[in-house]
Amino acid sequence: MPLFNVPKEVAVGTAMLGVAFATGMLAGKRYPSLGFGTSKSSKSIIGKSGPLWQYILDHSLREHPILKKLRLLTVDHPWGKMMVSCDQAQLMANLVKLIKAKKVIEIGVFTGYNTLNMALVLPDNGRVIACDINEDYVKIGKPLWKEAGVEHKIDLRIKPAIQTLDELLASGEAETFDFAFIDADKESCNEYYEKCLRLIKKGGIIAIDNVLWSGRVLKPRKDDLATQSIHHLNEKLLRDARVNISMLPMGDGVTLAFKL
Ligand SMILES: C[S@@+](CC[C@H](N)C(=O)[O-])C[C@H]1O[C@@H](n2cnc3c(N)ncnc32)[C@H](O)[C@@H]1O
């Protein structure tokens, strides 16, 4: 199947994302112009295409050459805006290293940029449980996981992420993970969060992407289920005594929840 086709079986899971892209909702996931592929939209709520953004990358991004190769492979893909922001991915890798994580979960792999990013900093016996429903996207990045020599750290599960999380819980892996990155269909973000919270150890971190949803969270429409879902989770997290949180205006907004 051509890479650019969305297979029927994932149409439901990705439908809202599709709408999001068509309407610029994911405009915050944009890449800089200088050697970072095309910048297709100017709707970013936090200015991700101007000279200051370029300066930030020029003075902070330390990207592994194979990660860069994967980003450039992905950026011109028609769905390339789904890829995680590279500065944000670098923060994830720094956190994974800081807490000496061994077991991490990625919910929403796409072409595998952040999966590779985390695998690169995990110890040799570390493991990324990588969840997606679309194998065609993942196929783009898989050869680069191998080229980077980290393929053995990645356990790819092609099925709805809820199912994978339930299987991990059923197999006794509660409180054994160190880090989770939630970046898939937004309607399920609360369920992903609750299941990840059970899977993560105390002191572990859950990172939730797109918490600003290009600003739509400011005025969620009743018929916009994705925005409603993100907004409800944001409100819940503010009062959730099980975690400490930081909401960062990076990419399309990322919340870090530190399990107490
Ligand atoms: C925003 S992209 C993920 C970007 C990725 N984290 C990266 O590093 O570039 C969202 C992904 O979630 C996947 N997805 C959508 N619904 C899903 C579901 N129910 N279960 C698992 N993955 C899902 C899509 O196929 C897509 O690849």
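Whatever order the structure lists ligands and atoms in, that order sets their numbers, starting from 1. Numbers here simply count residues along the sequence, with the first being 1. Since we're looking at a predicted model, the values are computed, not measured.
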- Message: side chain to side chain donor-acceptor pair (under 3.5 Å), that's the test. Do Gln90 and Asn94 meet it? Break it down for me.
- Response: CA-CA 6 Å; Gln90 183 167 289; Asn94 284 334; 5.8 Å; no
- Message: Is the ring pair Phe110/Tyr137 parallel, tilted or perpendicular, if the boundaries are 30 and 60 degrees?
- Response: perpendicular
- Kindly confirm or rule out an N or O of Gly112 lying under 3.5 angstrom from an N or O of ligand 1. no
- Message: I'd like to check whether Thr115 has a polar contact with ligand 1, where a contact means an N/O of the residue lying under 3.5 Å from an N/O of the ligand.
- Response: no
- Should we count NZ of Lys159 as having more than 12 external heavy atoms under 6.0 Å? yes
- Message: Under 4.0 Å from a heavy atom of Ala184: which atoms of ligand 1 are those, numbered in the order shown and with their elements?
- Response: 12 (O), 14 (N), 23 (C)
- Query: Nearest heavy atom to atom 7 (C) of ligand 1: which of Val138, Ile158, Val84 does it belong to?
  - Reply: Val84
- Is it the case that more than 12 heavy atoms not belonging to Lys97 sit under 6.0 Å from its NZ atom? no
- What atoms of ligand 1 come within less than 4.0 Å of a heavy atom belonging to Gly108? 3 (C), 4 (C), 5 (C), 6 (N), 11 (C), 12 (O)
- Task: Number the atoms of ligand 1 from 1 as they appear, then name those within less than 4.0 Å of a heavy atom of Val109, with their elements.
- Result: 5 (C), 7 (C)
- Message: Which of the numbered atoms in ligand 1 are under 4.0 angstrom from any heavy atom belonging to Tyr137?
- Response: 25 (O), 27 (O)
- Task: Pull out every atom of ligand 1 sitting under 4.0 Å from any heavy atom of Pro160, numbered as shown with elements.
- Result: 20 (N)
- Query: Do Phe181 and ligand 1 have an N or O pair less than 3.5 Å apart?
  - Reply: no
- Under 4.0 Å from any heavy atom of Asn114, which atoms of ligand 1 are there? 8 (O)
- Message: Under a 3.5 Å threshold, yes or no: a donor from one side chain and an acceptor from the other, between His64 and Asn117?
- Response: no
- Option among Ile208, Leu238, Leu212 that satisfies the side-chain contact (heavy atoms from CB on, under 4.5 Å) test with Met247: Leu212
- Evaluate side chain to side chain donor-acceptor pair (under 3.5 Å) for Thr176 paired with Lys103, printing each intermediate quantity in order. CA-CA 7 Å; Thr176 65; Lys103 278 175 78 179; 2.7 Å; yes
- Query: Is Asp132 close to ligand 1, meaning an N/O of one under 3.5 Å from an N/O of the other?
  - Reply: yes
- Item | For Tyr192, atoms of ligand 1 separated by under 4.0 Å from a heavy atom | 18 (C), 19 (N), 20 (N)
- Message: Under 3.5 Å, is there a donor on one side chain and an acceptor on the other for Asn125 and Lys102?
- Response: no
- Task: Considering the heavy atoms of Met83, write down every atom of ligand 1 situated less than 4.0 Å from one of them.
- Result: 9 (O)
- When every non-hydrogen atom of Cys131 is compared with those of Thr164, the smallest separation belongs to SG-CG2, 3.8 Å
- Task: Please confirm whether Phe110 comes within less than 3.5 Å of ligand 1 when only nitrogen or oxygen atoms on both sides are compared.
- Result: yes
